[in-house]
Amino acid sequence: MFNITGPLSLVVAGLYFYKRGVPQDVYFHQMKWAFLPAFTIIAALSVVASLATVEFTSVQSSSGASGGFGPNQVSTVLGWFIMLALLYKINGEKITPFSWLDWVMLFYLVLRALLTFSRGGVMGSTLALLGSITVLYFAYPGFRRQLFKSMPYVTLSLAFFVGVFLFANHLTNNFLLYRYQGLSTTEALTGVRTGNSNILTGRDEIMKADFRAFLEHPGFGVGYGMAEKYRVRYYGSAAAAHTEFARLLSEHGILGLLFMLVGMLGLPLYFLLTEKHPLTRCFLVAFYLLSMFTMFHAAMRLALPGVLFGAAFMRFLPNKSEAPDNLKKTL
C-alpha cells in the first residue's frame, strides 16, 4: 500500500489541478493556507526539540533536532515552506500579514531545516527556487530589469541566509559545515580525509540494486514492494527505496520507464512550452523541480511531492477586476 499510494496521489492531484485556471489574486490568497502549518511545526519543534536540549556530536541526520520524526521528511517539509515564502517575496507578495513576520518565519524555518542535518530538503528547495528564477530571468525582460533594480535587496537577502547558516553552524560546533562538505564524523573529528564518505549516503548503492532488478525483469518489473528482496541480494539488506525513479524501474519495468518519460518529463515540458504566463511558468518550474528532487532523495514517503506535482499545472488567470466582461461571467 505504501508503494501504491505515492504514484496514486500524484495521478489524482494531476487530474484535479491540470490546467485549472485560478485568478492571480485568488491564487496568492488561497496558497497562503498551504503555509499555515509552518507555524505549528516551528512551535512543535521549539517545544519538543528545544535548541537548549539538543546536542550535536556527529554529522549524521539528527532525529533529536527533528522532534523525533524522520530528519529527511522534516527537512523536506520545512524546505517547501521556505520555497513558498520566497516565491511570494520574489513576486512582491507577503505570505503572512506583515513583511517582518515573513522574515522571522524564514529565519526559524531555515534554521530548523539546517539543524536536521538532512541536506535533501534544503538543497532541493534551493535548486527548485533557482530554477524558477532562471526561467523568469531568461524568458521575461521585465523580470530582468526589476531584478537589477532590486539588487541591493537581493544582496541583503543573501547576507541574511548566510548569517542564518553561520549561526546554525555555531550552534552545532561546526558539524553542520562538515555535513555540507560531505565529511564523515571520523573525518570531522580527526581532520584526516579517508575518502570513504559519500554525499549520496548510500543511495547510489540502493539505486544500483534497483537497476539490477530492472535488468533481470525489464518487462513488468518485480512487482509492488518486491524490490526489497532484490536489495537483500544486491545491496546486502532489505533497504527501502530512497529514490522513486529507481523504484519505478525495478518494480514496474518498462511501464515505470514510460510513466517517467511521458508523465514526469514529457507532460511538464509540453506545459512549459505552451503556457506563456510568467507566473504560471514560475510556479510550474518551482513546484515541479521540488517534487522531482524530493522523489530523488526521499522517494514518496510524503504526500508532498505527489500533490506538488499536480499543483504545478495550475494556470494563472487575470484578476477578476482586470478581466473582460465575458471572462468575469465565466469566473
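Because the structure is a prediction, the values reported are computed rather than measured.
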- Item | Parallel, tilted or perpendicular: ring planes of F316 versus F283, cut at 30 and 60 degrees | tilted
- Query: Under 4.5 Å between any side-chain heavy atoms of M207 and F211, yes or no?
  - Reply: yes
- How are the rings of Y178 and F175 set to each other: parallel, tilted or perpendicular (split at 30° and 60°)? perpendicular
- Task: Could you state whether Y137 and M151 fall into the same hydrophobic cluster, counting links through intermediate Ile, Leu, Val, Met, Phe, Trp or Tyr residues with side-chain heavy atoms under 4.5 angstrom apart?
- Result: yes
- Query: Do you reckon L284 sits in the same ILVMFWY cluster as L15, going by side-chain contacts under 4.5 Å, direct or chained?
  - Reply: yes
- Query: Are the ring centres of Y288 and F271 closer than 6.0 Å?
  - Reply: no
Enumerate, atom names and distances included, each donor-acceptor pair closer than 3.5 Å involving a side-chain atom of residues 37-55, sequence neighbours excluded.
residue: S46; atom: OG; partner: I42; partner atom: O; Å: 2.8
residue: S50; atom: OG; partner: A52; partner atom: N; Å: 3.3
residue: T53; atom: OG1; partner: S50; partner atom: O; Å: 2.9

Donor-acceptor pairs are to be reported for all side-chain atoms of residues 292-300 against protein atoms at under 3.5 Å, with residues two or more places apart or in another chain.
residue: T294; atom: OG1; partner: L290; partner atom: O; Å: 2.7
residue: H297; atom: ND1; partner: N72; partner atom: OD1; Å: 2.9

- Item | Partners meeting salt bridge (charged side-chain N to carboxylate O under 4.0 Å, His left out) with R112 (sequence neighbours left out) | none
- Query: Mind checking whether F167 and L158 sit in one hydrophobic cluster, side chains of I, L, V, M, F, W, Y counted as touching below 4.5 Å?
  - Reply: yes
- Item | Ring centers of Y224, H252 separated by less than 6.0 Å | yes
- Message: Under 4.5 Å side-chain heavy-atom separation, chaining through any Ile, Leu, Val, Met, Phe, Trp or Tyr, what else clusters with L8? Say none if it is isolated.
- Response: V12
- Query: Aromatic rings F28 and Y88: how do their planes relate, parallel, tilted or perpendicular, breaks at 30° and 60°?
  - Reply: perpendicular
- Message: For the OG1 atom of T172 and the CG atom of N174, what is their distance to the nearest 0.5 Å?
- Response: 6.5 Å
- Item | Centroid separation F17 to F313 less than 6.0 Å | no
- Within the 6.0 Å centroid threshold, strictly below: F287 and W80: yes
- In chain order, what residues pass the ring pair (Phe, Tyr, Trp, His ring centres under 6.0 Å) check against W33, with sequence neighbours excluded? none
- Determine, using the 4.5 Å side-chain heavy-atom cutoff (strictly less than), whether F245 and V262 are members of one ILVMFWY cluster. no
- For V164, the side-chain contact (heavy atoms from CB on, under 4.5 Å) test, sequence neighbours excluded, returns F107, V110, L111, L114, F160
- Does Y16 OH have over 12 foreign heavy atoms under 6.0 Å away? no
- Message: Around atom NE2 of H277, are there more than 12 heavy atoms from other residues, nucleotides or ligands closer than 6.0 Å?
- Response: yes
- Give a yes or no on whether K276 atom NZ has more than 12 heavy-atom contacts from other residues, nucleotides or ligands under 6.0 Å away. yes
